[in-house]
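Notes follow once the structure below has been shown.
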Amino acid sequence: MNKDTFRKELHRFADWIADYYENVEGYPVKSKVQPGEILSELNRGNCFEHVGMDTLLADFERILLPGITHWQSPNFYAYFPANTSPPSILAEMLTAALAQQCMIWETSPAAAELEEYVMMQLRDMIGLPETFTGVIQDSASTATLTALLMARERATGYGINDRGFAGERFRLYCSEEAHSSVEKGVKIAGFGKDNLVKVPVDGNFAMLPDELEIRIHNDVQAGFVPLAVVSAMGTTGSTAFDPIRAIGKVASKYGLFHHVDGAMAGTALILPEMRHLADGVELVDSFVFNPHKWMFTNFDCSAFYVKDPDELIRTFSITPEYLKTKRDEEVNNYRDWGIPLGRRFRALKLWFVIRGYGREGLQAMIREHLRLAGLFAEKLNSRKDFQLLAPVAINTVCFRYVPLNYGGDLNELNARLLERLNSSGKLYLTHTKLRDQYTLRLVVGQTNTAERHINEAFDFIVRQAEELCGKES
Ligand SMILES: *Cc1c(COP(=O)(O)O)cnc(C)c1O
């Protein structure tokens with residue numbers, strides 16, 4: 001592609017992006033394709049034949065767009081958000097253009113120093129004390145694995161890195177509601193998932209610290225070595241908050257490494273009035289949250305904070321001759337702060353987002369999401385045939401339809417309601433199970449979700465639920 005064509009295409013793609021955002025509400029939020037449909041369409045073409053941008057863009061629209069689930073639709077309420085924003089998208093365009101490889105300071109001094117700077121600013125913005133140092137990871141899953149590896153190496157004098165496991169019988173703890181990434185990390189780090197102890201939760205789905213202590217105590221009696229506990233600051237099922245301070249007391253009594261997974265809810269900490277959710281976080285060893293979930297920053301960007309960066313670096317550093325530089329003592333070589341050697345320039349979009357909105361702008365957007373989630377919950381509460389199934393601590397509303405005098409299976413009814421809602425294309429919700437009850441989850445977190453969308457979503461859900469039951473009787 002010559003430079004004039006490249007310039008022309010850049011403008012065309014910029015227009016495509018602007019048009020997409022203007023029309024995003026017109027697409028079915030959840031893709032309607034069946035498994036294999038996209039692949040068989042792709043198989044009809046000849047991938048090795050050169051084509052121009054006209055053809056590529058046309059094929060993208062014809063073949064792939066129908067298979068896109070529109071995470072950036074304001075009617076996206078599924079899972080947890082993975083939102084974005086104009087400043088983030090613009091920064092990602094620059095990131096793509098510069099195509100940096102940010103493994104060490106020398107390979108991109110700006111990336112290394114911006115990352116150091118922006119992680120300090122973000123730390124201050126969420127109210128973490130200055131005793132924490134941050135690094136950007138690709139995902140919360142990676143950050144949690146990284147924390148577990150730090151715990152492993154700290155407890156063994158960095159021995160397992162050298163000699164492998166020598167029969168240590170470690171035990172790790174999280175709540176029954178903790179994210180699956182904890183179990184995945186435990187498996188990858190070599191502990192064995194049978195050594196992950198799932199601690200019971202209270203009526204609000206938060207870990208019971210007394211139950212944690214009982215299990216640690218029993219494990220010690222049985223000859224195990226309790227190693228680490230992961231607190232959930234906002235579980236994925238219902239956004240429950242483990243009591244970090246009380247868990248921290250148990251952790252320090254038994255010498256456990258304490259990691260906090262605040263993947264989505266961490267963003268709420270930019271609001272001073274929400275900091276109580278992380279009470280005790282100053283005592284923990286590490287903390288992760290994802291600006292790529294709820295903080296308007298393109299996937300991937302996960303903010304990982306540690307008390308002692310030396311422990312982190314000692315766990316991961318390997319310096320072959322070809323990566324040694326004269327400045328290694330003076331700078332951050334982020335290759336040593338996590339698993340991969342190569343790293344994307346992720347700090348740029350975070351810097352753009354924070355400055356593009358300002359602290360108060362971000363706070364206003366998060367407050368509005370919290371208000372809208374509260375509004376939706378209130379509307380549900382005003383009806384006798386809907387039931388909230390968990391507290392609405394932040395932006396997740398867990399509920400189900402309970403038609404009056406219904407004799408059938410409520411789990412099955414709500415599963416059918418969800419299917420009906422999602423196949424309409426008008427909105428997208430997902431489900432979980434809480435106390436064996438099939439639970440619909442509505443999470444308010446897309447950048448452009450406004451009161452109008454919430455009102456429409458509520459009315460639509462009620463109408464579909466009523467029609468579903470009307471059909472049966
Ligand atoms: C989403 C989520 C994760 C995983 O996040 P990734 O960045 O996709 O790895 C971990 N923990 C919780 C509580 C989550 O909600």
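Atoms within a ligand are numbered from 1 in the order they appear, just like the ligands themselves. Keep in mind that what you see is a predicted model, and the values were worked out from it rather than measured.
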Do any N/O atoms on Thr142 end up under 3.5 angstrom from N/O atoms on ligand 1? no
Mark up the atoms of ligand 1 that fall under 4.0 Å of a heavy atom belonging to Ser141, in ascending order. 4 (C), 6 (P), 9 (O)
Taking only heavy atoms of Phe80 into account, list the atoms of ligand 1 that are under 4.0 Å away from them. 15 (O)
The protein heavy atom nearest to atom 4 (C) of ligand 1 is His179 CE1, 3.4 Å
Heavy-atom distances under 4.0 Å decide this one: backbone, side chain, both or neither, for Ala140 against ligand 1? both
If only side-chain N and O atoms count, and only distance matters, is there a donor-acceptor pair under 3.5 Å linking Tyr21 with Asn448? no
Counting non-hydrogen protein atoms only, what is the nearest one to atom 1 (C) of ligand 1? Give residue, atom name and distance. Lys293 NZ, 1.4 Å
His70 and Tyr20 aromatic centres sub-6.0 Å: yes
Do any nitrogen or oxygen atoms of Asp138 come within less than 3.5 Å of a nitrogen or oxygen of ligand 1? no
State which residues pass ring-ring contact (aromatic ring centres under 6.0 Å, His included) with Phe60; sequence neighbours excluded, sorted by chain then number. Trp16
Tell me whether Met233 reaches ligand 1 (any heavy atom closer than 4.0 angstrom to a ligand atom). no
Counting only nitrogen or oxygen atoms and a 3.5 angstrom limit, does Asp261 reach ligand 1? yes
Heavy-atom count around Tyr79 OH within 6.0 Å, excluding the residue itself: above 12? no
Ligand 1 atoms nearer than 4.0 angstrom to some heavy atom of Ser181 are 10 (C)
Tyr334 versus Glu116: any side-chain heavy-atom pair under 4.5 Å? yes
So is Gly234 in contact with ligand 1, going by heavy-atom distances below 4.0 Å? yes
Looking at ligand 1, would Asn290 count as a contact under a 4.0 Å heavy-atom criterion? yes
Pairs touching residues 79-104 that satisfy salt bridge (Lys or Arg N to Asp or Glu O under 4.0 Å), sequence neighbours left out: Glu92-Arg344, Glu92-Lys349
Heavy-atom nearest pair, Phe287 first then Val281, reads CD1-CG2, 3.9 Å
Count the heavy atoms of every other residue, nucleotide or ligand shown that sit under 6.0 Å from CG of Asp436, and state whether that count exceeds 12. no
For Asn195 and Arg169, does a side-chain donor sit closer than 3.5 Å to a side-chain acceptor? no
Give the atoms of ligand 1, by number and element, whose distance to some non-hydrogen atom of His292 is under 4.0 Å. 7 (O)
